[in-house]
Colleague: 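Here it is, the structure in full.
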Amino acid sequence: MIKQLPRRQRIRRGVILTTFILFPIIMNYFSPYVIIDGASQGIINGSFIVFGLMFLAALFLGRAWCGWVCPAGGLQEAATGINNGPFKTGKRDWIKWGIWLPWIGIIAAVAISAGGYRRVDFFHLTESGVSVAEPMQYITYLLVVGVFLLLAVLMGRRASCHTICWMAPFMILGRALRNLAAWPSLRLVASASSCRDCLKCTSNCPMSLDVHGMVQRERMEHRECILCGTCVDNCAQDAIRFSFSAGK
Ligand code: SF4
Ligand code: SF4
């Protein structure tokens, strides 16, 4: 018998699968290339604005974007039908910073050599409103989807979120700033005394985190947690819950 997902998780999966289906339309608003092209012409483009909003949202919602909206998240969770094995977290989580830092440096250098930003054009390089409208864009689309799919199949659940995602660092930084300021925001809280050590939270976590260990320490903050709520919805003891509060 196929196990039914909890209702909240069905909604979440439905949203991220929908954004993945819409990816050919919206791809440019997450593009690491279009933002560089915009910078070379002094244009604040769609992906510049979207990345900025990701950072701002993370100040109050952590990485909820990754768990609830991201089209690449939808693709990778669909790939669990092929490989639902856990990703080995740890040192490999730092790979994305080796991509993000030089990329941000390139954007800054290109913008400076262009004389700075002078105008805003959300639809820069997406004048038709559709990101995949020409053969070259179609090839780009297939390459992006292919890489995310391949890593998920070879390395396990949401491997690209851990390793190559150029968007995740914006939210990790936003959340780090939130933690420094200690203002109220969306987070997980846990009660170790309610836990019955069934390990369902750990085995179901899309980011392959040691959720049970986090519960035992009653310290749920983790830079790779995407606040998807899978652990919350799989805990029969209600040992984990969402909270909008200032905490650890
Ligand atoms: S799912 Fe709940 S009861 Fe089971 S190990 Fe996790 S926190 Fe404990
Ligand atoms: S710890 Fe819970 S909320 Fe965070 S990624 Fe894992 S399952 Fe999702």
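Just follow the structure's listing: the first ligand is 1, and inside any ligand the first atom is 1. One is the number of the first residue; the rest follow in order along the sequence.
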Colleague: Which of the atoms in ligand 1, numbered in the order shown and given with their element, are less than 4.0 Å from a heavy-atom of Gln237?
Modeller: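 In order of numbering, the contacting atoms are 3 (S).
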Colleague: Please identify which atoms of ligand 2 are closer than 4.0 Å to at least one heavy atom of Val211.
Modeller: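 Here the atoms of ligand 2 in question are 1 (S).
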Colleague: Check whether any side-chain N or O of Thr202 sits under 3.5 Å from a backbone N or O of His212 as a donor-acceptor pair, and report yes or no.
Modeller: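 Yes; at least one donor-acceptor contact below 3.5 Å.
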Colleague: Between Val232 and ligand 2, find which residue part has any heavy-atom pair under 4.0 Å and reply side chain, backbone, both or neither.
Modeller: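 Looking at Val232 and ligand 2, no heavy atom falls under 4.0 Å.
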Colleague: Mind telling me whether Phe123 and Tyr29 have parallel, tilted or perpendicular rings, with 30° and 60° as the class edges?
Modeller: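 Ring orientation, 0 to 90° scale: perpendicular.
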Colleague: Answer yes or no: is there a donor N or O on one side and an acceptor on the other, between the side chain of Gln137 and the main chain of Ala133, under 3.5 Å?
Modeller: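 Checking the backbone N and O of Ala133 against the side chain of Gln137, a donor-acceptor pair under 3.5 Å is found.
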Colleague: Parallel, tilted or perpendicular: which fits the ring planes of Trp94 and Trp97, with parallel below 30° and perpendicular above 60°?
Modeller: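 If you compare the ring of Trp94 with that of Trp97, the planes turn out tilted.
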Colleague: Think Arg187 forms a cation-pi with Phe244, using NZ or CZ under 6.0 Å from the six-ring centre and within 45 degrees of its axis?
Modeller: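 Output no; distance or angle outside limits.
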Colleague: Under a 4.0 angstrom heavy-atom cut-off, which atoms of ligand 2 come close to Pro206?
Modeller: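 What qualifies from ligand 2 is 7 (S).
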Colleague: Heavy atoms, side chains only, cut-off 4.5 Å: are Phe122 and Ile44 in contact?
Modeller: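 No. Closest side-chain heavy atoms not under 4.5 Å.
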Colleague: Restricting to N/O/S atoms, is Cys231 within less than 2.8 Å of atom 2 (Fe) of ligand 2 or not?
Modeller: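 Yes.
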Colleague: Of all the non-hydrogen atoms in the protein, which one sits nearest to atom 8 (Fe) of ligand 1, and at what distance?
Modeller: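 Atom 8 (Fe) of ligand 1 sits closest to the protein heavy atom Cys195 SG, 2.3 Å.
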Colleague: Could you check whether any side-chain heavy atom of Thr80 comes within less than 4.5 Å of a side-chain heavy atom of Arg158, counting everything from C-beta outward?
Modeller: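 No, side chains not in contact.
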Colleague: Out of all atoms in ligand 1, which are within 4.0 Å of some heavy atom of Arg196? Include the element for each.
Modeller: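 Those of ligand 1 that fall under 4.0 Å from Arg196 are 3 (S), 8 (Fe).
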Colleague: Hey, does Met54 have a side-chain heavy atom less than 4.5 Å from the side chain of Met167?
Modeller: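 Yes; the side chains approach each other to less than 4.5 Å.
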Colleague: Could you check whether atom CZ of Arg7 has more than 12 heavy atoms from other residues, nucleotides or ligands sitting under 6.0 Å from it?
Modeller: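 It does not: Arg7 CZ has 12 such atoms or fewer within range.
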Colleague: Could you tell me the residue and atom name of the protein heavy atom closest to atom 2 (Fe) of ligand 1, and the distance to it rounded to 0.1 Å?
Modeller: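 For atom 2 (Fe) of ligand 1, the nearest protein heavy atom comes out as Cys235 SG, 2.3 Å.
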Colleague: Could you list which atoms of ligand 2 come closer than 4.0 Å to a heavy atom of Gly229?
Modeller: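 Listed by number with element, the hits are 3 (S), 8 (Fe).
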Colleague: Within the 4.0 Å heavy-atom shell around Ile226, which atoms of ligand 2 are there?
Modeller: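 Here the atoms of ligand 2 in question are 4 (Fe), 5 (S).
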Colleague: To which of Cys205, Gly62, Ala190 does the heavy atom nearest atom 6 (Fe) of ligand 2 belong?
Modeller: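 Selected option, by shortest heavy-atom distance: Cys205.
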Colleague: Could you tell me the residue and atom name of the protein heavy atom closest to atom 4 (Fe) of ligand 1, and the distance to it rounded to 0.1 Å?
Modeller: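 The protein heavy atom lying closest is Cys198 SG, 2.2 Å.
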Colleague: What are the atoms of ligand 1, with element, lying closer than 4.0 Å to any heavy atom of Ala239?
Modeller: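 The atoms of ligand 1 under 4.0 Å from a heavy atom of Ala239 are 7 (S).
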Colleague: Check each atom of ligand 1 against the heavy atoms of Cys201 and keep those under 4.0 Å away; list them by number with element.
Modeller: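 In order of numbering, the contacting atoms are 1 (S), 5 (S), 6 (Fe), 7 (S).
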Colleague: Provide the number and element of each atom of ligand 1 under 4.0 Å from a heavy atom of His212.
Modeller: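 Numbered from 1, ligand 1 contributes 5 (S).
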Colleague: In ligand 1, which numbered atoms sit nearer than 4.0 Å to a non-hydrogen atom of Leu199?
Modeller: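 So the answer, numbered in order with elements, is 4 (Fe), 5 (S).
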Colleague: Taking side chain as C-beta onward, heavy atoms only, is Phe60 less than 4.5 Å from Leu186?
Modeller: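 Not touching, per the 4.5 Å side-chain cut-off.
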